[in-house]
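Below is one structure, written out as structure tokens; the observations come after it.
Per chain, numbering begins at 1; letters A, B, ... match sequence-line order. This is a predicted model, so every value here is computed, not measured.
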Amino acid sequence: MKKYLLNQKIDFFISPTAPFHFDGTFHKPSHFPNNLKLEDWEPGTYWQSLRVEKKLYGLKIENAEIAAKQKIKVSLYSNKEFAKDEIEKLKDEIIWRFELHVDLKAFNNLVKKDKRFSPIFKKWIGMRDTSEYTLYELLIIAIVLQNATVRRSQQMLDSLLAHFGRKIEFDGKEFWAIWLPEELENVSEQELRDMKIGYRAKFIKRLSHEFAEGKIDEYALRRLEQETVKKELVKLYGVGPETARILLFEVYHHYDVFDHIAPWQQTIYSRLFYNKQLVPVDKIRDDIKKQYGNYSMLAVHYIWEDIFWRRKYEKIDWLEKEIRL
DNA sequence: CATCAGGGCCCTG
DNA sequence: CAGGGCCCTGAT
């Protein structure tokens, strides 16, 4: 596998809206990592391969403080020289994907009144709802999550990356990036099946073709309202309610997408919110919507990530049982 | 050894 | 609108 060395570098700073939570924004412990790394994190520093349209970059983001103001230092790496308008475009894209511009005052005020979970919301105040990926990339990840345990999802993504992905090096570190949709045009469904991804081979083949043809415009959907976006996403072959929910929340930053609750999520929510074995999904949904209104999914995201942060440092027996590695 | 459900979705009746 | 089938894996 050829490795692309990205040795051109530019730096700039961004001032996120305050308050801002660096680690909560750039690391999501509920996302299970695969072996061929797409990103890496340590407190105060974050790296990833970054796909913007057809171009591939390395991205490093560091927590920084300048004149008592919290900022982030962005370093971009490429194997070609950067054009001026390219830098502006990348900056805007990073701001969008990590929601560095959003105003969460209304949300913060709402959750301040939450008797049970206000300590959690306070702890993570300034955390954003992010996607490091393009729509196509997160779609691929969502597809390999379907109907599979975590270990199997990791395996599927790793074998796909090893065959079709791209390996890059920047800042002395190695990362992988997901292929472009058109790069699968000459790959047969059988070749995809050989990656042991099962019936998902058909989904990925058809989806990639739809993206390669330009049937869906990722950027145009950013300007549309939730229901319209959902309709467009569900039209894609292999995208149902759960995959649409993931995309709507992470890629399109819609906070009120708490209509679909998968069985494995139901058990974890039951424990988190009721300390019970199994609460009916309709009750969970109604209670959450009543409590958090238009911020339902964002609020759940805070509580959800918090428990997975805790899992990094302490053993939580009931959770280990539920997530079934 | 066999059986089965899993971090859904499509298709059929 | 309910239910069967789909790939592969690891748990039982």
Side-chain angles (χ1 to χ4, degrees), chain A residues 28-35 38 129 131 133 135-164 184 187-211 215-216 230-251 257-273 277-282 284-285 288 297 300-301 303-309 311-312 316-325:
Chain A
K28 304 293 183 186
S30 78
H31 296 185
F32 295 88
N34 56 315
N35 291 316
L38 301 169
D129 156 28
S131 170
Y133 306 111
L135 173 61
Y136 176 76
E137 290 175 311
L138 187 56
L139 195 42
I140 294 296
I141 291 170
I143 299 278
V144 300
L145 287 172
Q146 288 174 6
N147 210 21
T149 53
V150 172
R151 183 170 298 138
R152 185 149 140 67
S153 297
Q154 293 170 333
Q155 219 170 337
M156 288 190 274
L157 186 57
D158 281 335
S159 71
L160 285 167
L161 281 171
H163 282 82
F164 309 113
L184 291 193
V187 176
S188 67
E189 190 181 319
Q190 186 54 50
E191 285 174 84
L192 287 171
R193 253 170 207 277
D194 294 341
M195 304 297 106
K196 298 182 186 298
I197 61 174
Y199 64 86
R200 300 166 196 83
K202 191 173 164 191
F203 290 4
I204 291 182
K205 182 70 187 154
R206 274 177 69 162
L207 279 170
S208 299
H209 183 62
E210 289 176 328
F211 273 79
K215 241 181 149 178
I216 184 157
K230 185 173 181 182
K231 259 185 221 150
E232 290 302 311
L233 293 175
V234 171
K235 276 186 203 162
L236 294 167
Y237 192 76
V239 177
E242 174 62 4
T243 303
R245 185 195 63 77
I246 295 172
L247 298 172
L248 277 171
F249 183 64
E250 297 192 16
V251 173
V257 283
F258 202 69
D259 297 304
H260 184 265
I261 301 174
W264 69 280
Q265 294 158 347
Q266 181 190 7
T267 59
I268 298 182
Y269 291 152
S270 299
R271 189 69 180 232
L272 276 177
F273 297 126
Q277 287 278 321
L278 205 61
V279 176
V281 287
D282 288 348
I284 298 176
R285 182 175 48 231
I288 291 291
M297 192 66 238
V300 170
H301 177 66
I303 297 164
W304 183 264
E305 290 302 327
D306 178 69
I307 191 77
F308 281 91
W309 274 100
R311 176 173 175 265
K312 285 173 86 88
I316 305 170
D317 286 328
W318 67 265
L319 187 58
E320 292 308 311
K321 240 179 266 163
E322 299 300 348
I323 55 185
R324 319 162 90 84
L325 294 171

N/O to N/O distances under 3.5 Å, protein versus nucleotides 4-8 of chain C:
from   : atom 1 : to        : atom 2 : distance (Å)
dC7(C) : OP1    : Arg193(A) : NH1    : 3.3
dC7(C) : OP1    : Arg193(A) : NH2    : 2.4
dC7(C) : O5'    : Arg193(A) : NH1    : 2.6
dC7(C) : O4'    : Tyr199(A) : N      : 3.4
dC7(C) : O2     : Arg152(A) : NH2    : 2.2
dC8(C) : O4'    : Arg152(A) : NH2    : 3.3
dC8(C) : O2     : Arg152(A) : NE     : 3.1

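Taking a cutoff of 4.0 Å between a charged side-chain nitrogen and a carboxylate oxygen, Arg206(A) and Glu210(A) do not qualify as a salt bridge.
Between dT9(C) and dC9(B), the distance separating the two P atoms is 22 Å to the nearest Å. Rounded to whole Å, the separation between the C1' atoms of dG7(B) and dC1(C) comes to 24 Å. One P atom belongs to dA5(B), the other to dG3(C), and the distance between them is 15 Å to the nearest Å.
Nucleotide dA2(C) is matched to dT12(B) when pairs are restricted to Watson-Crick or G-U wobble geometry with both distances under 3.5 angstrom.
Taking atom CD of residue Gln265(A) and atom P of nucleotide dG6(B), one finds them 13 Å apart after rounding to whole Å. Between Glu322(A) atom CD and dG6(B) atom C1' the separation is 13 Å, expressed in whole Å. Spacing between atom CD of Gln146(A) and atom P of dT9(C) amounts to 18 Å, rounded to whole angstrom units. To the nearest angstrom, P of dG10(C) lies 12 Å from CE of Met156(A).
If you check every strand for non-hydrogen atoms under 4.0 Å, Leu236(A) touches sugar and phosphate atoms only. Looking at heavy-atom distances under 4.0 Å, Thr243(A) makes contact with sugar-phosphate atoms alone, never a base.
Residues meeting the side-chain contact (heavy atoms from CB on, under 4.5 Å) test with Lys28(A), sequence neighbours left out: His31(A), Met127(A), Thr130(A), His301(A), Glu305(A). Applying the side-chain contact (heavy atoms from CB on, under 4.5 Å) test to Gln266(A) and every residue at least two apart in sequence or in another chain returns Ile261(A), Ser270(A), Leu278(A), Val281(A), Ile284(A). In this structure Glu191(A) satisfies the side chain to side chain donor-acceptor pair (under 3.5 Å) test together with Ser188(A), sequence neighbours excluded. Leu319(A) pairs by the side-chain contact (heavy atoms from CB on, under 4.5 Å) definition with Ile268(A), Ile307(A), Phe308(A), Arg311(A), Ile316(A), Ile323(A), not counting sequence neighbours.
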Can you list, pair by pair, the side-chain donor-acceptor contacts under 3.5 Å of residues 237-251 of chain A, counting residues two or more places apart and other chains?
from      : atom 1 : to        : atom 2 : distance (Å)
Tyr237(A) : OH     : Lys202(A) : NZ     : 3.3
Glu242(A) : OE1    : Arg245(A) : NE     : 3.1
Glu242(A) : OE1    : His260(A) : ND1    : 2.9
Glu242(A) : OE2    : Arg245(A) : NH2    : 3.0
Glu242(A) : OE2    : Gln265(A) : NE2    : 2.9
Thr243(A) : OG1    : Gln146(A) : NE2    : 3.1

